[in-house]
Q: 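I'd like to ask you about the structure that follows.
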Amino acid sequence: MSGVASGWYQLLVLPEGIPPGLVVAGAWILATVMVIFPVAAAYSYVERKLGADYQARVGPNRAGPSGMFQPIADWLKLLQKPNQALSWKEERWSALQTMATYSTAAVLPLGPLFILADTEMNVFIPFWALMVAALATLLLGMEQSSIQGWLGGSRVAAQALSGAFPATLAILCAGLAGGGFRWADMVASQGAAPWSWNVMASPFHPFGFLAFVGAGLVFSADHQRDLGGGVTSNLYGGRLALAQLGKFYVLFLWSSMATVLYLGGWSMPAFITEELSAADAWIVLFGLQAVLVLSKTVLLMFLIDWVARTNPRARVEQITELSWKFLSPLALFSLMGAAAWRALT
Amino acid sequence: MTISIFSSVLGYFRAVYRGVRSAFSACRTTLPYLLNVRSADLRKEVTEQYPDPVSSRTPDDLPPRTRGLLFNDIGKCTGCRECEVVCPVNCITVENETGLDLGKTWVAVFDIDFSRCTFCGLCVEVCAPQSIVHTKRYESAVFGVTDLIASFGRGRVTEEQKRKWAALRQSHEEALQPGGFGP
């Protein structure tokens, strides 16, 4: 029972006979419904309002007071549309893409309550899963037999490939300071104060952080709705809703990974953790940890969004060029520097 | 002529510096908009509210020169085809026929295809009798593309009508002949 969903065993008094698989599945659904959906709805509203601010517009203002119910209205509208019938060839790649993207929810680093799989290589799992999702997107685009599908699929694959290299190096760079690739190890190696985060572990780690965030932008550059075209332009209704949620989810996942790798994750001052666990107030402790990591993640997402909204409509060759010619050398430099720093000090 | 390694490395760093500087100076420009400390000329947000009950605005609140759906007053229209010629997207179709009065054209067909119209307003500007105007109507959603064609023509003249009018004209001309029973 160690690790996997152990928080739920501590939180809920579960009878002995329940198999861990059921607990994990239930926790997965709870995590999705309780965390991802509400955060996605709230984030999409605030993001659209802020994006409108940057561009001197009003933004959503009609559904409810200052447009607050816009996400609900959008979702209701999307769900009203008839279900899209895909050919079985498109169906299998669509399913693979969805499964690969959301399989990462098992290792979503939102505190011990939400990490469902605890392995030695947790940090790399989302990364590989996103590569599989990019491959599935490419194949889905190829099956769509339309210009948008072909070009959009190739674009996603090219971006994922170019983002993968700096992302790997930046993960290794964080691992140098973290001393392990479990999320728990990664967090345990960092303190609550900003100067004990991984990003300050050596003079080279800030560059690794920059490279990681930049690689995330490269991965999720497709999440810009106003980019138009692409594989999603052949989808509608519930599938489009799922694809849009997926794009948001990738940005969210990547920001939470960056938070845990470099920005301290859910580590809180030791006395708070000790007091709460001594008092058996697990729900307060886990709740505080989730809120801490969520707020860091959302702040980072808004920072990314600020840059993305101000410099909109990047073309694919600009993105890949940024990744290959700038982020990759930067990540390499930070990894080598951090390794030398660790060897010498 | 070769470019030295030193200068190409220097060029790379210069390009990186320029890129980073341009991205972040752009971000610095948008920050005042977010924090609402922008200068007065930029303060106005330019989103116009859609006129409907939610925004409690009516079509009367639209600006006086609103380019809404076009309307042609066929009573004034002379069928001169200036609008048809000037239309950049060829959305106006005019067909004239001989009417009762030979001095006036009978505008049989005057169709405006709003699926092609760009609301540029050129037809309104060239219209000498000022028969074609922009209304303040703006909601034109329909279920079929062919429903977007607005017809203002008087309709085609049937053969029977042509014969009747010819006879009328003839009797009128006879009346005007010297020696007839006219003035």
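Keep in mind it's a predicted model, so treat the numbers as computed, not measured. Here is how names work: the chains are called A, B, and so on, in the same order as the sequence lines, proteins then strands, and each is numbered from 1.
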Q: Just checking B:Lys162: does its NZ atom have more than 12 heavy atoms from other residues, nucleotides or ligands closer to it than 6.0 angstrom?
A: yes
Q: Taking 4.5 Å as the heavy-atom cut-off, does anything in residues 13-26 of chain B contact chain A, and if so which residues?
A: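 Within residues 13-26 of chain B, near chain A: B:Val16, B:Val20, B:Ala23, B:Ala26.
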Q: Inspect the surroundings of CZ in B:Arg57 and state if more than 12 heavy atoms from other residues, nucleotides or ligands are less than 6.0 Å away.
A: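 Counting other residues, nucleotides and ligands, CZ of B:Arg57 exceeds 12 neighbours.
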Q: Measure across A:Asp53 and B:Tyr33 and return the closest heavy-atom pair with its distance rounded to 0.1 Å.
A: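 It is O-CB, 3.2 Å.
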Q: Take atom NZ of A:Lys325 as the centre, draw a 6.0 Å sphere, and report whether it contains more than 12 heavy atoms from other residues, nucleotides or ligands.
A: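 No, the 6.0 Å shell around NZ holds no more than 12 heavy atoms from other groups.
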Q: Just checking A:Glu317: does its CD atom have more than 12 heavy atoms from other residues, nucleotides or ligands closer to it than 6.0 angstrom?
A: yes
Q: What part of B:Tyr12 gets closer than 4.5 Å to chain A, counting heavy atoms only: side chain, backbone, both or neither?
A: side chain
Q: Take a 6.0 Å sphere around CD1 of A:Ile147 and say whether it holds more than 12 heavy atoms from other residues, nucleotides or ligands.
A: no
Q: Atom CG of B:Leu31 and atom OH of A:Tyr54: how far apart are they, to the nearest 0.5 Å?
A: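 The distance works out to 7.0 Å.
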Q: Within a strict 4.5 Å, meaning less than it, do heavy atoms of the B:Tyr50 and A:Arg62 side chains meet?
A: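 Yes, close enough: below the 4.5 Å cut-off.
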